[in-house]
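Whatever order the structure lists them in is the order used to number ligands and atoms, beginning at 1.
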Amino acid sequence: MDDDLRSELADLVRAVHAYVAWHGESGSVGFPRDRSAREPREAPHELPHESFATPRPPPVAFVDPAFRAPSPAGPPPPFSPHLFDEPEPVPRVTKPKIPVPAPPPPGEARDKHVHLPRIEAEVQSCAKCRLHETRTNTVFFRGNPDSPLVFVGEGPGADEDASGKPFVGRAGQLLDKMIGAMGLDPERDVYICNIVKCRPPGNRRPEPDEVAACIPYLHEQLDLVAPKVIVALGNTALASLLGTSMPITKVRGTWKLYRGTTMLMPTYHPSFLLRPTSNLAESKRQAWEDLQAVMKELGLALPQKR
Ligand code: URA
Ligand code: SF4
């Protein structure tokens, strides 16, 4: 088979697999949900594309290539059926303190690569609300500050507090799979952060006064990252970013404007998609629909329809 045809066929198989994996997992198109069929960990590695010699190209030319760190591990695998597997425990670390950079001369354009670390350093020693008393680490961001796509969650959980990075626990693993299903790499192609930067004890919702104390950091963060699209994950992100009290179930899937300028798509928080609710399959289908609207807005290739 000639190389072009082989590579085209490999791309097609991968696209179909990502699509089928998502739908199979959501149960929305009647794929067998026999648990035993999901047991072997090797299953995702038995994909036909593994046997193609042509390496997978990067998912999309999405972020300025100058800021693409070469990823030695290669792109992530397609959307996996192991959504409910228990993740590895996240080791507890204490993040090194970021040295506070000197302020730029007055009048100089704000460079995100100077100012984001400045804000992160400020957050590390912040005591503006009671959440500082119980934190191990502050949690500022992960991903690429040059990305046109930002995901905003609620606040750190135990795993995030332990590691100092957002969305590294169970919900984070699902978020990474959702981002992977969009054909994107969570570390290279998107920017991920939260409404509050310190963990609310017992994973409770942040109180309104805690959100009020913390959200100026996020507004500054978003101003500097200046994405084209923000995805608000769940009720807290939606309410805090837009000042609305409409529930996510009503608002999800409809475009909003953040501060009158930036396209914002509200969708379900991945933790909600991990809870056994009566219409979980439908909620997952809706979340995928919302992410596809985001892909369309950003000009990303949509998965092939079957
Ligand atoms: N949930 C969130 O909202 N944010 C995290 O960082 C982790 C879980
Ligand atoms: Fe400061 Fe925000 Fe942490 Fe509260 S949650 S202490 S405002 S960084």
Write out all pairs satisfying ring-ring contact (aromatic ring centres under 6.0 Å, His included) with one or both partners inside residues 229-281, taking only residues at least two apart or from two chains. Phe167-His269, His219-Tyr258, Tyr268-Phe272

Once ring-ring contact (aromatic ring centres under 6.0 Å, His included) is applied, what residue pairs with a partner in residues 127-163 remain, sequence neighbours excluded? Phe141-Tyr191

Taking C-beta and beyond as the side chain, do [X] and [Y] meet within less than 4.5 Å on heavy atoms?
X: Thr262; Y: Val150; value: no
X: Glu154; Y: Arg205; value: yes
X: Ile195; Y: Leu241; value: yes
X: Val139; Y: Lys197; value: no

Do Lys112 and Gln221 pair up side chain to side chain, a donor and an acceptor below 3.5 Å, judged on atom types alone? no

If you measure only the distance, is there a donor-acceptor pair under 3.5 Å linking the side chains of Ser147 and Asp189? no

Strictly under 2.8 Å of atom 4 (Fe) of ligand 2: which protein N/O/S atoms qualify? Cys129 SG

Does atom CZ (Arg92) have a neighbourhood of more than 12 heavy atoms from anything else shown, all under 6.0 Å? no

Among Leu218, Asn235, Val152, Ile215, whose side-chain contact (heavy atoms from CB on, under 4.5 Å) with Ser240 holds? Ile215

Under a strict 4.0 Å criterion on non-hydrogen atoms, which protein residues are in contact with ligand 1? Gly153, Glu154, Gly155, Glu160, Pro166, Phe167, Asn194, His269

Under 4.0 Å from one or more heavy atoms of Arg135, ligand 2 contributes atoms 3 (Fe), 6 (S)

